[in-house]
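To start, I am sharing the structure in question, which I have written as structure tokens.
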Amino acid sequence: MTIWSKFSAFSILLIFVFSLTSCQSTAQIGKFLEKAGQVAGNPSAAEITSGLKEALEKGTGISADRLSLENGYFGNLDVKILFPEEARQVERTLRNIGLGNLCDQVITSLNRAAEDAAKEAKPIFTDAIKQMSFQDVQQILLGENNAATQYFQRTTTNSLSEKFSPVIDGSLNKVNATKFWTDAMTQYNRVPLVKPVNTDLTAYVTEKAIQGLFVEIAKEELKIRQNVNARTSPLLQKVFGYAEREKK
């Protein structure tokens, strides 16, 4: 520790002792302690709440905006929606008999539907952020690297499903996914000795679209926790710097 550091620490201690002797109530002492924490570089409870919510609004907004662009899902290998697992044999069979183009049309249309639905996500995340208690904020800030993502999975999945499902259903029809899927299943079911497949396409795309959102949110969460340059305001720097110190 440098001489200046020792002097600064000693000065803060003197101020603390002097203030305690002059305080007239517990409330005054509490206010002083809060100020002393701020002098030491620790954020107040209000700053922690504001800083975390700022970070979450930014992260969820970026994720939803990115996925709602054309090729937001289709061009992102981490979230690209493929044939349902139970229909992978369908895809292989169709490609083997020269219907690969039909399979490609199915995959493209599934991702276009998810991209349409992603536009509906931001208000749902905003509501979840507004409803956070200070306890939620603390647990997220000082929790695991995906603590915020886990929070959103618990609190928004049902709302996202309700909002996404009709949008995706309409979008699947708009981009001809339902037609392509029906064509694919019809062609597959004509193959001798195969077991017919009838996947609920809307439910499947809704589930995968929501999973993709959480994948992208987790990326943004990890970025702001680990990358100082992602903390684009003094408040974010203060709050997440504090979190790093507390976790050591």
Side-chain angles (χ1 to χ4, degrees), residues 59-125 128 146 149-150 152-189 191 194-223:
T60 55
I62 289 173
S63 300
D65 287 343
R66 183 163 58 223
L67 291 178
S68 66
L69 296 173
E70 184 174 340
N71 294 325
Y73 279 86
F74 185 76
N76 184 338
L77 294 181
D78 291 333
V79 299
K80 184 177 181 178
I81 301 174
L82 303 174
F83 267 69
E85 187 65 37
E86 62 269 33
R88 295 290 166 82
Q89 181 58 43
V90 176
E91 181 181 9
R92 286 190 290 271
T93 300
L94 292 177
R95 291 191 185 278
N96 287 338
I97 62 175
L99 293 173
N101 184 58
L102 178 58
C103 295
D104 293 339
Q105 289 175 322
V106 170
I107 291 171
T108 300
S109 60
L110 300 185
N111 286 275
R112 292 289 180 260
E115 288 157 11
D116 272 353
K119 300 169 186 174
E120 307 293 328
K122 286 171 74 171
I124 294 173
F125 290 129
N146 66 341
T149 305
Q150 291 181 37
F152 286 124
Q153 286 175 318
R154 290 194 308 272
T155 61
T156 67
T157 295
N158 289 339
S159 296
L160 288 169
S161 295
E162 291 174 6
K163 194 73 172 179
F164 275 32
S165 185
V167 175
I168 285 176
D169 188 56
S171 183
L172 288 172
N173 287 294
K174 183 180 75 174
V175 300
N176 289 323
T178 304
K179 176 183 179 300
F180 293 138
W181 180 255
T182 300
D183 289 347
M185 293 305 103
T186 299
Q187 293 289 342
Y188 176 75
N189 291 335
V191 177
V194 301
K195 182 179 178 181
V197 174
N198 293 295
T199 297
D200 184 338
L201 200 57
T202 297
Y204 170 70
V205 178
T206 298
E207 179 183 359
K208 300 301 287 186
I210 293 171
Q211 287 177 0
L213 263 175
F214 291 138
V215 167
E216 293 303 294
I217 289 171
K219 291 179 186 177
E220 292 301 318
E221 180 178 4
L222 188 62
K223 186 187 301 181

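Values in this document were obtained by computation on a predicted structure and should not be read as measured data. Heavy atoms only: backbone and side chains are in, while hydrogens, waters and symmetry mates are out.
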Does a salt bridge link D65 with K119, judged by any charged N lying under 4.0 Å from a carboxylate O?
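No salt bridge links D65 with K119.
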Any side-chain donor near an acceptor of the partner, T149 and Q153, under 3.5 Å:
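Distance-only check fails for T149 and Q153.
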Testing the basics here: between F83 and R88, what is the closest heavy-atom pair and its distance to 0.1 Å?
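What the structure gives for the nearest pair is O-NE, 2.6 Å.
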For the student: nearest non-hydrogen atoms of I81 and A209, plus distance:
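Closest pair (atom of I81, atom of A209, distance): CD1-N, 4.2 Å.
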Is the closest side-chain heavy-atom distance between T156 and F214 below 4.5 Å?
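They are in side-chain contact.
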Contacts of K219 that satisfy side chain to side chain contact (heavy atoms under 4.5 Å, CB included) - sequence neighbours left out:
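Testing K219 for side chain to side chain contact (heavy atoms under 4.5 Å, CB included), a comparison that skips the adjacent residues, returns N76, D78, V215, E216.
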Taking the side chain as everything from C-beta on, heavy atoms only, tell me whether F164 gets closer than 4.5 Å to L213.
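They are in side-chain contact.
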OG on S161 to CD on E207, rounded to 0.5 Å
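If we round to the nearest 0.5 Å, E207:CD and S161:OG are 8.5 Å apart.
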Quick one, S63 with E220, criterion side-chain hydrogen bond (donor to acceptor under 3.5 Å, both in side chains). Give me CA distance, side-chain angles, the key distance, then yes/no.
CA-CA 7 Å; S63 300; E220 292 301 318; 5.1 Å; no
Only counting residues at least two apart or in another chain, list the ones meeting side chain to side chain contact (heavy atoms under 4.5 Å, CB included) with S109.
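Once residues adjacent in sequence are excluded, the partners of S109 under the side chain to side chain contact (heavy atoms under 4.5 Å, CB included) criterion are V175, A177, F180.
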Close side-chain approach of I210 and K208, heavy atoms under 4.5 Å:
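Counting from C-beta outward, I210 and K208 never come under 4.5 Å.
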Work out which heavy atom in K80 is nearest to a heavy atom in F74; give both atom names and the distance.
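For K80 versus F74, the nearest heavy atoms are CD-O, 3.4 Å.
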Approximate separation, where rounding is to 0.5 Å, of Q211 CD and T206 OG1
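Result: 11.0 Å between the selected atoms.
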Check: Y73 and E115 side chains under 4.5 Å, non-hydrogen atoms
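SC-SC contact between E115 and Y73 confirmed.
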Do W181 and Y204 make a side-chain contact, defined as non-hydrogen atoms from C-beta onward lying under 4.5 Å apart?
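W181 does not reach Y204 side chain to side chain.
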Counterpart residues, side chain to side chain contact (heavy atoms under 4.5 Å, CB included), relative to S159 (two or more places apart)
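Per chain and number, S159 pairs via side chain to side chain contact (heavy atoms under 4.5 Å, CB included) with I124.
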Minimum-distance pair of heavy atoms, taken over all atoms of I168 and A117:
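So the two residues come closest at CG1-CB, 3.5 Å.
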Provide the closest heavy-atom pair for A64 versus A121 in the form atom of the first, atom of the second, distance.
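A64 and A121 have their closest heavy atoms at CB-CB, 4.2 Å.
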Pairs involving residues 166-176, ordered by first then second residue, that meet side-chain hydrogen bond (donor to acceptor under 3.5 Å, both in side chains) (sequence neighbours left out)
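Residue pairs passing side-chain hydrogen bond (donor to acceptor under 3.5 Å, both in side chains), neighbours aside: D116-S171, D116-K174, D169-T202, N173-T178.
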What distance do T182 atom OG1 and Q187 atom CD have between them, rounded to the nearest 0.5 Å?
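So the OG1 of T182 and the CD of Q187 are separated by 12.0 Å.
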Pairs in or reaching into residues 94-122: which pass ring-ring contact (aromatic ring centres under 6.0 Å, His included), with residues at least two apart or in two chains?
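Listed once each, the pairs would be none.
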Minimum-distance pair of heavy atoms, taken over all atoms of Y188 and Q89:
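Closest pair (atom of Y188, atom of Q89, distance): OH-CG, 3.8 Å.
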Distance from R66 atom CZ to I217 atom CD1, nearest 0.5 Å?
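One finds 10.0 Å between CZ of R66 and CD1 of I217.
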Indicate the ring-plane relationship of F125 and F152, choosing parallel, tilted or perpendicular according to the 30° and 60° boundaries.
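Plane angle over 60°, so perpendicular.
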Nearest 0.5 Å, please: how far is CG in L172 from CG in L110?
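Here the rounded value is 6.5 Å.
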How long is the gap from CD on Q150 to OG1 on T155, to the nearest 0.5 Å?
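Between atom CD of Q150 and atom OG1 of T155 there are 11.5 Å.
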Quick one: side chain to side chain contact (heavy atoms under 4.5 Å, CB included) partners of R95, sequence neighbours excluded?
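Result, side chain to side chain contact (heavy atoms under 4.5 Å, CB included) vs R95: E91, C103, D104, I107.
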